[in-house]
Number of protein chains: 2
Amino acid sequence: MFAMARAATTTDAFNAVAEPRRRQILDVLAGGERPVSELVEALGLAQPQVSKHLRVLREVGAVEVRDEGRRRLYRLNGEALKPIHDWVSGFERTWTERFGLLDGVLEDLERQERGAGGDDG
Amino acid sequence: MFAMARAATTTDAFNAVAEPRRRQILDVLAGGERPVSELVEALGLAQPQVSKHLRVLREVGAVEVRDEGRRRLYRLNGEALKPIHDWVSGFERTWTERFGLLDGVLEDLERQERGAGGDDG
DNA sequence: ACATCATATTCCTATATGGGAATGCGTCAA
DNA sequence: TTGACGCATTCCCATATAGGAATATGATGT
């Protein structure tokens, strides 16, 4: 009954930013509050699609809205991206040369332990 | 003719890690090289699905393989995640208190400029 | 050659999008 | 009130998965 082809995009920030356009929107909003029309212009996308992307970003908390007359001003809420930052940061050492060397050593050790008699406690 | 419902998952790291299971795989591999069987056990997922996820991760360069007898040892290649780290890092200031304050000021300034006579250049 | 283990691939299916087009709706100007 | 403007929502459709099941491929042991 349940197939769940893919986690709903609205589920978490990871999925939300998997879409290039949405990242682009956040990039623009990093420059400050913007009405939808400006985002439409900046992205060169149709207005409805932009609104739809904004909705997804809103649902994961990456953006917030404020009504101003007939316009809606969107602004970034970067904190919603923190989980992503926290997660990838855990891998930062692997591409940082200095730590990369250390990791090499650690992995060698680990390999030896798993290979030899590494079934302690 | 072209609908392109969503960028192919194999396109970039962002899409690859949008899937929780794949993040989990990378987390396990962060502990060192592992044969598929161990990943299957660690994830509690069927073997074919794990192999499929590994394929995606391979295609974006997040993991590399090494044949050892009838087993295939996968290892992490964190460098493929650097683009993600670079991108989110650009937003780090927005949730870091110290910078958050500064951003507030900058945004106020920006709002004023755009509000007043900001159509120069 | 044959059985078995470890993985990868293929087929099938329900579901989740993303864009395009049309439409709904609240706000502001006359 | 009427009309235009700014945005959100809905309908439609092609496409991309993710998982389940079955099968193919490769290496190892006897």
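First the proteins, then the strands, lettered A, B, ... as listed; each starts at 1. Bear in mind the structure is a predicted one, so any value in this text is a computation, not a measurement. Computed from heavy atoms alone, side chains included, the values below leave out hydrogens, waters and symmetry copies.
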Check: How does each nucleotide of nucleotides 24-30 of chain C score, in 5' to 3' order, for protein heavy atoms under 4.0 Å: base (B), sugar-phosphate only (S), or none (-)?
Finding: ---BB--
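- A straight line from NE2 of A:His53 to C1' of D:dT9 spans 15 Å, rounded to a whole angstrom.
- Two different hydrophobic clusters hold A:Leu73 and A:Val50 under the rule that ILVMFWY side chains link at heavy-atom gaps under 4.5 Å.
- The closest side-chain donor-acceptor pair between B:Glu41 and B:Ser37, if any, does not fall under 3.5 angstrom.
- Residues A:Arg58 and A:Ser51 approach most closely at NH2-O, 4.5 Å, considering heavy atoms.
- The distance between atom CZ of A:Arg34 and atom C1' of D:dG6, rounded to the nearest whole Å, is 17 Å.
- Side chain of B:Arg34 to backbone of B:Leu39: no donor-acceptor contact under 3.5 angstrom is found.
- Closest approach of A:Gln49 to A:Leu45, counting heavy atoms only: CB-CD2, 3.8 Å.
- One finds a side-chain N or O of A:Arg22 lying less than 4.0 angstrom from the OP1 or OP2 phosphate oxygen of C:dG18.
- Applying the 4.0 Å criterion to OP1 and OP2 of D:dA8, one finds that A:Arg72 has a side-chain N or O inside that range.
- Of the residues in residues 44-52 of chain A, those lying under 4.0 Å from DNA chain D by heavy-atom distance are A:Gln47, A:Pro48, A:Ser51, A:Lys52.
- Closest approach of B:Ile84 and B:Val17 over heavy atoms only: CD1-CG2, 3.7 Å.
- Proximity of a side-chain donor or acceptor of A:Arg75 to a complementary backbone N or O of A:Gly32 within less than 3.5 Å is not detected.
- Atom C1' of nucleotide C:dA8 and atom CD1 of B:Ile25 are separated by 14 Å, given to the nearest angstrom.
- Atom P of nucleotide C:dT17 and atom CG of A:Asn15 are separated by 7 Å, given to the nearest angstrom.
- Side-chain atoms of B:Asn77 come within 3.5 Å of backbone atoms of B:Gly61 as a donor-acceptor pair (strictly under, hydrogens ignored).
- Checking C:dA6, D:dG19, D:dT9 against every side-chain atom of A:Arg55, the shortest atom distance belongs to D:dT9.
- When rounded to the nearest whole Å, the span between CD of B:Glu38 and C1' of C:dA6 equals 13 Å.
- Atom pair A:Tyr74:OH and D:dC7:P shows a separation of 9 Å (rounding to whole Å applied).
- Whole-Å rounding puts the A:Phe14 CZ to C:dA16 C1' distance at 20 Å.
- Using modelled atom types, no side-chain atom of B:Asn15 and backbone atom of B:Ala18 make a donor-acceptor pair closer than 3.5 Å.
- The nearest whole Å value for the distance from the CZ atom in A:Arg66 to the C1' atom in D:dG6 is 16 Å.
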